[in-house]
Amino acid sequence: MSQWPEADNETPWRPDERRFSRRSLLGVGLGVTAAGGLGALVWQATSSQSTSSQSPTAIPQLDSSDEFEYYSVIEPVPVIAAADWTMTVGGLVGAASTLSMADLRGLPQTGLTRDFQCVTGWRVSQVPWSGVLVRDLLREVKSDSNAGALRITSFDGVYDESLTMDQAKRDDILIATSMYGKPVSHERGGPVRLLVAPMYGYKSLKWLGGVEVQAEVTPGYWERRGYDVDAWVGQSNGRTDEPT
Ligand SMILES: Nc1nc2c(c(=O)[nH]1)N[C@H]1C(S)=C(S)[C@@H](COP(=O)(O)O)O[C@H]1N2
Ligand SMILES: [Mo]
């Protein structure tokens, strides 16, 4: 654990750890803890569906998104149907706006197939995504050319993330509406999630609710807890993974 960055002398958690640090328990108070409402709680799917012991004919048609582990820092997360979903875009933009799924579909669509890697080590190879490049959204909302960063928020009410404007304009950072050729499921962060392909999974915010164009970076949920803001796979967080 010594390679993990520490923030505020807090025992660092890894984004998959289903436990509380001692300090977080003390800080939050027993009432909230007893109620199970602590934001630091991370849920993780317990089933690891192994097909290796089965005969080829018995292998079920699993959605390949089953290779992902389910993470959320809060439960429950409201389920929002695609038809009801909207996101806000505000801050340093020409005009603040609210976009629906139909609005996203009206923007240029981009597909991207990349490995997905969590900072805790698990990796899913060659995941096909599609949606709208953040770059294309920024052009649409006429973001201020002097703006330095994006703050991205989740409709889970807790999680947030950051991108520098240079990062946000890359061609591998997507507002994803589909994966494996199907709508992004609730479990995977649908109807709409972020995919920051070249960075560790915590940058890929699930349950997208809003984008705020800002002058400077506001560190995101895990970044305030010691993880690198610039989370390049293999070049951050003390890790040496192959780039995705
Ligand atoms: N809203 C929200 N987004 C999130 C997280 C989270 O807890 N809440 N976890 C992050 C982490 S650490 C990873 S690795 C990926 C995991 O995505 P998955 O749950 O679809 O596997 O989501 C990221 N986005
Ligand atoms: Mo992660």
Side-chain angles (χ1 to χ4, degrees), residues 4-5 12-20 24 37-49 62-80 85 87 112 114-129 131 134 150-163 173-180 182-211 218-234 236-239 241 244:
W4 297 94
W13 320 307
R14 298 164 52 154
D16 71 337
E17 275 183 321
R18 195 176 178 177
R19 65 174 176 81
F20 308 108
S24 71
L38 181 62
L41 181 59
V42 176
W43 295 84
Q44 191 174 338
T46 47
S47 68
S48 59
Q49 304 204 26
L62 293 178
D63 179 332
S64 309
S65 87
D66 288 358
E67 292 174 38
F68 282 72
E69 297 190 23
Y70 173 76
Y71 285 176
S72 179
V73 295
I74 193 158
E75 286 291 337
V77 176
V79 176
I80 300 185
W85 175 88
M87 70 178 287
L112 195 60
R114 294 282 289 272
D115 286 8
F116 185 94
Q117 165 111 38
C118 174
V119 73
T120 61
W122 58 271
R123 182 167 178 136
V124 183
S125 82
Q126 296 299 292
V127 184
W129 305 86
V134 172
L150 301 184
R151 175 167 181 256
I152 302 125
T153 53
S154 171
F155 65 73
D156 71 10
V158 177
Y159 204 86
D160 61 346
E161 256 307 333
S162 68
L163 290 170
I173 298 188
L174 197 65
I175 294 170
T177 52
S178 97
M179 67 190 292
Y180 298 109
K182 292 190 288 193
V184 179
S185 67
H186 174 71
E187 193 179 36
R188 291 283 77 75
V192 182
R193 78 179 289 170
L194 195 66
L195 171 68
V196 181
M199 296 197 187
Y200 286 109
Y202 61 89
K203 301 296 291 194
S204 292
L205 171 143
K206 307 204 299 183
W207 307 298
L208 178 62
V211 171
T218 304
Y221 183 90
W222 286 115
E223 296 152 18
R224 297 192 296 276
R225 291 163 174 78
Y227 288 82
D228 288 347
V229 173
D230 295 325
W232 308 108
V233 173
S236 66
N237 295 292
R239 294 188 63 94
D241 307 289
T244 46

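Counting starts at 1 for both ligands and their atoms, in listed order. All values below come from the heavy atoms of this structure, side chains included, with hydrogens, waters and symmetry mates left out. In this text, all values refer to a predicted model and were calculated from it rather than measured experimentally.
Atom CZ of R193 sits about 11.0 Å away from atom CG of L174, to the nearest 0.5 Å. Distance check: K182 NZ to T177 OG1 gives 14.5 Å after rounding to the nearest 0.5 Å. Rounding to the nearest 0.5 angstrom, the gap separating the OH atom in Y202 from the OH atom in Y159 is 8.5 Å.
Sequence neighbours left out, the pairs with a member in residues 198-208 that pass salt bridge (charged side-chain N to carboxylate O under 4.0 Å, His left out) are E161-K203, K203-E223.
Listed by number with element, the atoms of ligand 1 under 4.0 angstrom from any heavy atom of L205 are 3 (N), 24 (N). Applying the 4.0 Å criterion to heavy atoms of E69 picks out, from ligand 1, the atoms 18 (P), 19 (O), 21 (O). Under a 4.0 Å criterion applied to the non-hydrogen atoms of G201, ligand 1 contributes the atoms 10 (C), 11 (C), 13 (C), 14 (S), 15 (C), 22 (O), 23 (C). Near C118, meaning under 4.0 Å from any of its heavy atoms, are these atoms of ligand 1: 14 (S). Residue-ligand proximity, S154 to ligand 1, at heavy-atom distances under 4.0 Å covers atoms 1 (N).
When only interatomic distances are considered, the shortest N/O to N/O separation between V73 and ligand 1 falls below 3.5 Å. Considering backbone and side-chain N/O of D156, one or more are found under 3.5 Å from N/O of ligand 1. At least one N or O atom of R188, backbone or side chain, sits closer than 3.5 Å to an N or O atom of ligand 1. The shortest N or O to N or O distance between Y71 and ligand 1 is under 3.5 Å. At least one N or O atom of S204 sits closer than 3.5 Å to an N or O atom of ligand 1.
By the salt bridge (Lys or Arg N to Asp or Glu O under 4.0 Å) test, D230 is found to be paired with no residue, residues two or more places apart in sequence or in another chain being considered.
Remark: R225 is positioned above the aromatic ring of Y221, its terminal NZ or CZ atom under 6.0 angstrom from the ring centre and at most 45 degrees off the axis.
Only the side chain of W207 comes within 4.0 Å of ligand 1, counting heavy atoms alone; its backbone N, CA, C and O stay farther away.
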Note to self: Could you go through D160 and R224, starting from their C-alpha distance and side-chain angles, then the distance that decides it, and tell me whether this counts as salt bridge (charged side-chain N to carboxylate O under 4.0 Å, His left out)?
What the structure shows: CA-CA 10 Å; D160 61 346; R224 297 192 296 276; 3.1 Å; yes
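Not close to ligand 1: Q117, with no non-hydrogen atom less than 4.0 angstrom away. The closest approach between a heavy atom of Y200 and any atom of ligand 1 is not below 4.0 Å.
Ranked by closest heavy atom to atom 6 (C) of ligand 1, the top entry among Y70, Y159, Y227 is Y159.
Y71 and W122 have their aromatic ring centers within a separation under 6.0 angstrom.
The minimum heavy-atom distance linking W232 with Y200 is given by the pair O-CE1, 3.4 Å.
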